[in-house]
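Each chain gets a letter, A, B and so on, in the order its sequence line appears, and its residues count up from 1.
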Amino acid sequence: MQGYEVLHPMGWDAFGMPAENAAMEKKVHPGEWTRANIASMRSQLKTLGFAFDWSRELATCEPDYYGQEQALFIDLFEGGLVYRKESAVNWDPVDMTVLANEQVIDGKGWRSGAQVEKRKLSQWFLKITDFAEDLLAGLDELKGWPDKVRLMQENWIGKSQGLQFHFALAEAQDEIATVEVFSTRPDTIYGASFVALSADHPLTRQLAEKNEALAAFAEECKTGGTTAAELETMEKKGFYTGLTVTHPLDPDWQLPVYVANFVLMDYGTGAVFGVPAHDQRDLDFARKYDLPVKRVVSDGEDTGAIFSGNEAYTGPGTIVNSAFLDGMTIEAAQQAVIDRAQSEGWGKAQTTWRLRDWGVSRQRYWGTPIPIIHCDDCGPVPVPKDQLPVTLPDDIDFETPGNPLERHATWKHVDCPKCGKAARRETDTLDTFVDSSWYFLRFASQPDDRPFDPEVVKQWLPVTQYIGGVEHAILHLLYARFWTRALASIGKLDFTEPFESLFTQGMVTHETYSRFQEIEVAISQSETGKVNVGVGSYFSPDEVERTADGATLKVDGQPVKVGRVEKMSKSKKNVVDPDPIIEQYGADAVRFFMLSDSPPERDLPWSEAGIEGSWRFVQRLWRLFIAVADNDDTGEDKALRRKLHQTVAGVAGDVEALSFNKAVAKIFELVNLIEKSQPSADRTTAIKSLARIVAPMVPHIAEEAWALFGESGLIADAPWPEVDESLLVDDEVTIAIQVRGKLRDTITTAKGSSKEQLEELALASEKVQRSLDGAEIKKVIVVPDRLVNIVI
RNA sequence: GCGGACGUGGCGAAAUGGUAGACGCAGCAGACUUAAAAUCUGCUAUCCGAAAUGGGUGUGCGGGUUCGAGUCCCGCCGUCCGCACCA
């Protein structure tokens, strides 16, 4: 309608665990289940009339997609961006499968209920950390992304700079003579009071071999809870190793070495030095084990070395009690310590990242097979590209626990492509985030013989406007950015950012209805309250009769509790099936409702009443359309014409800004005015133009109207109505008149009146005179075409 | 704990520092109808008032800047989101 060439594709992220779960529960093949789901969703989308380019439809579970993904994986492998290392996974010993973090509930497998083990497996990783700096820097250029998402990615990448250095052990333990630590606060080095090691630290392990109590403590650290709540409340615990280290700046100063449960092996060096006065966690620890607490940063008031209280000072200040650092700012002292460490050779400036390399191995069936063959002689060998795709075998079952690929009779047995000896296929499949990291390239171009055609991709990409939920703010969007950079770095692409603009849309929400047993609990000694216990159930909206002040269950007429408006989910049963609603009200009403109420970035509370309102509006439109289908009204209606042009321009602007709810409001205003107006040529024009501006929202009825008007072709191809700029501005304006900032009167006058005229008109107002009540006028503020404020 | 966003009628929401509540939903009253539905008309922040083209109050709470604050600043309270023993 506006003459742009738009590529709006649709595809299916079709691999993953839901299909495997369904296979186990319903005994259907994951592929069958997935394809049936795709078919039903596709038909829903088609019913709603979305203008997708279906010729580019793809599904990640089809060999023509994942085969090309395998080719890309091999490219990255050959480009040195893929490697294998041992990594811990959550292993369910009963289901013999690897679990995602969210499948581990209270340390137990969600399906089997078995105690989950940490098991080391050799797994494939992508070197996303090679791009950490670039992924971080690139965020600055993504002007079209919400700040919130950029910030989330920044935190996720988690760059921190500081000093990495080693403490010399007073007595070397076999091969180990030093403890390497990392700190972002080297300025507080004189406040150090202990060194703490992770339970997985090599030194800890070595010591644990000879020390049973330590071994037990380290084990306890590892099996501790993993949920956020548990971590929050977990006590800081340590175990004194009996060792000491020498302070790098004072050979006479010995620090005790502990193993502590709050030190992570996979961040920094797996060891820290504690500065209790200026780190809350260290302070908690020091108080518990009665370690020295020395002030080294002063806020200006207190400079003494003795630090009392149980709240660490982490604010700005000046360094004190720190030998050569005294009097420096925190920043200067950091630099001074780094300089000294580097010149004396016991440490160096270091950047640490929270971001880890991306583990892409999944010990599962329903995913892209990793195209690698393990040969005893040649090691891991990529499958030659002319043998791709490596397809999934269909003859599998989920009756026995474990990965079906692993136990398939023949699938994994192949010859080494290099030496021809008997070898084994990799039986891990790729994380589904890999599938979704490059689909936009395949949408732009889908040749049979390679993943994409760079020339065609160049025409369409980067994606101008990406729309997705915030739930993808970090992982998917970061992986896609990485993947694009990775391909660029091996010369396959010539851009690094896949998505220019990102819009995060809200979710559809609905009230929840439930009945739960309540029990009395003691809140305090004197009070009791009622809490829900986990016995009871949720009810779906179609089981419930909504009344003015509550809701009742249809089957028994008894009240149910109306809960919060929440994201639709199966567990809360607050889902609404679109099919019967489309059946009853039509796709246009559903589309219009979704656009009309809330701005798209916000959640949309689904309401039956809202749908009905939209449905009535569609009826109103239709009545207008048939009324002018073939009339020959004459005569002018200048006010209506003006409103039409203002609406056409306004709606175009709102739609461009994705403010659909505002566009809808403007359309309502126009329709209200049309309905009140008398027949005229302008009215006929207004209604015919109206059809075009509502066409993107209610395409079905708009196309009908177009045919009814006797036009040929599709309204979707018709040009957007032209706007006469001169009609956009009114020639009269309403001016607000305030006295002391309070509204007292309004006057309507010609647009562009001079300040003097406005002041005169304002003072002439009877109401103004009344509220002035003879008071002395100190000042008159005049904002042309806006307001007059009289200050007394 | 850290970081971020948000807080406006019964509800969804509007409002470049310039008339708060546009527009919609729900509700109320009326018209049409034998009746109902649909449709149409009007009202609908709140308090005082019989009413007014009267006045007061009002954008979570308390301050501030400004001729003027929903909007800007400071401090609270609350809700939601993200991250989290990250050294």
Phe262(A): partners by ring-ring contact (aromatic ring centres under 6.0 Å, His included), with sequence neighbours left out:
Phe285(A)
Of Leu690(A), Val671(A), Leu673(A), Ile693(A), the residue whose pairing with Thr647(A) passes side chain to side chain contact (heavy atoms under 4.5 Å, CB included)
Ile693(A)
Residues which pass side-chain hydrogen bond (donor to acceptor under 3.5 Å, both in side chains) with [X], listed by chain and number, not counting sequence neighbours:
X	result
Glu601(A)	none
Thr351(A)	none
Thr178(A)	none

When you look for runs of 3 or more Watson-Crick or G-U pairs in a row, both distances below 3.5 Å, which of them include RNA chain B?
B:1-7 with B:77-83, B:10-12 with B:23-25, B:27-31 with B:39-43, B:45-48 with B:54-57, B:60-64 with B:72-76
Should the pair Lys666(A)-Asp654(A) be classified as a salt bridge under the 4.0 Å nitrogen-to-oxygen rule?
yes
Pair Lys751(A) + Glu732(A): basic N to acidic O under 4.0 Å:
no
Using a heavy-atom cut-off of under 4.0 Å over every strand shown, decide if [X] touches base, sugar-phosphate, or nothing.
X	result
Lys666(A)	nothing
Val263(A)	base
Thr734(A)	base
Asn672(A)	sugar-phosphate

Over 60° means perpendicular and under 30° means parallel, so tell me whether Phe617(A) and Phe668(A) are parallel, tilted or perpendicular.
tilted
Specify whether His278(A) and Tyr313(A) have parallel, tilted or perpendicular ring planes, treating 30° as the upper limit for parallel and 60° as the lower limit for perpendicular.
perpendicular
Sequence-aligned protein contact record of nucleotides 39-49 of chain B, with B where the base is within under 4.0 Å of a protein heavy atom and S where only the sugar-phosphate is:
S----------
What nucleotide, of rC25(B), rU19(B), rC85(B), holds the atom closest to the side chain of Leu743(A)?
rU19(B)
Minimum-distance nucleotide (side-chain atoms of Glu669(A) versus rA87(B), rC23(B), rG82(B))
rC23(B)
Side chain proximity check, [X] to [Y], heavy atoms < 4.5 angstrom:
X	Y	result
Thr509(A)	Glu566(A)	no
Tyr466(A)	Leu477(A)	yes
Ile781(A)	Gln738(A)	no

Pairs meeting criterion side chain to side chain donor-acceptor pair (under 3.5 Å) with involvement of residues 149-162 of chain A, two or more places apart:
Glu133(A)-Lys159(A), Asp147(A)-Arg150(A), Gln153(A)-Arg481(A), Ser160(A)-Tyr267(A)
Give each protein N/O atom lying under 3.5 Å from an N/O atom of nucleotides 64-72 of chain B, with the pair distance.
from, atom 1, to, atom 2, distance (Å)
rC67(B), O2', Asn789(A), ND2, 3.3
rC67(B), O2, Asn789(A), ND2, 2.6

Is the number of heavy atoms from other residues, nucleotides or ligands under 6.0 Å of Glu760(A) CD greater than 12?
no
Listing time: all N or O pairs from protein to nucleotides 4-13 of chain B that are below 3.5 Å?
from, atom 1, to, atom 2, distance (Å)
rG12(B), O3', Ser598(A), OG, 3.3
rG12(B), O2', Ser598(A), OG, 2.8

Can you give me every donor-acceptor pair (side chain of residues 741-750 of chain A, partner residue at least two apart or in another chain, under 3.5 Å) with its distance?
from, atom 1, to, atom 2, distance (Å)
Asp745(A), OD2, Ser765(A), OG, 2.8
Thr749(A), OG1, Ser753(A), OG, 3.3

Return the polar atom pairs (N/O with N/O) between nucleotides 56-60 of chain B and the protein under 3.5 Å, or none.
from, atom 1, to, atom 2, distance (Å)
rG56(B), OP1, Arg744(A), NH2, 3.4
rG56(B), OP2, Arg744(A), NH1, 3.4

Let me know the distance between CE of Met152(A) and C1' of rC80(B), rounded to the nearest Å.
13 Å
Taking CG from Asp654(A) and P from rC23(B), how many angstroms apart are they, rounded to a whole number?
15 Å
Is there a side-chain polar atom (N or O) of Arg281(A) under 4.0 Å from OP1 or OP2 of rC86(B)?
yes
Would a line drawn from the ring center of Trp606(A) to the ring center of Phe593(A) be shorter than 6.0 Å?
yes
Please give me every residue in residues 186-194 of chain A whose heavy atoms get under 4.0 Å of an atom in RNA chain B, ordered by residue number.
none
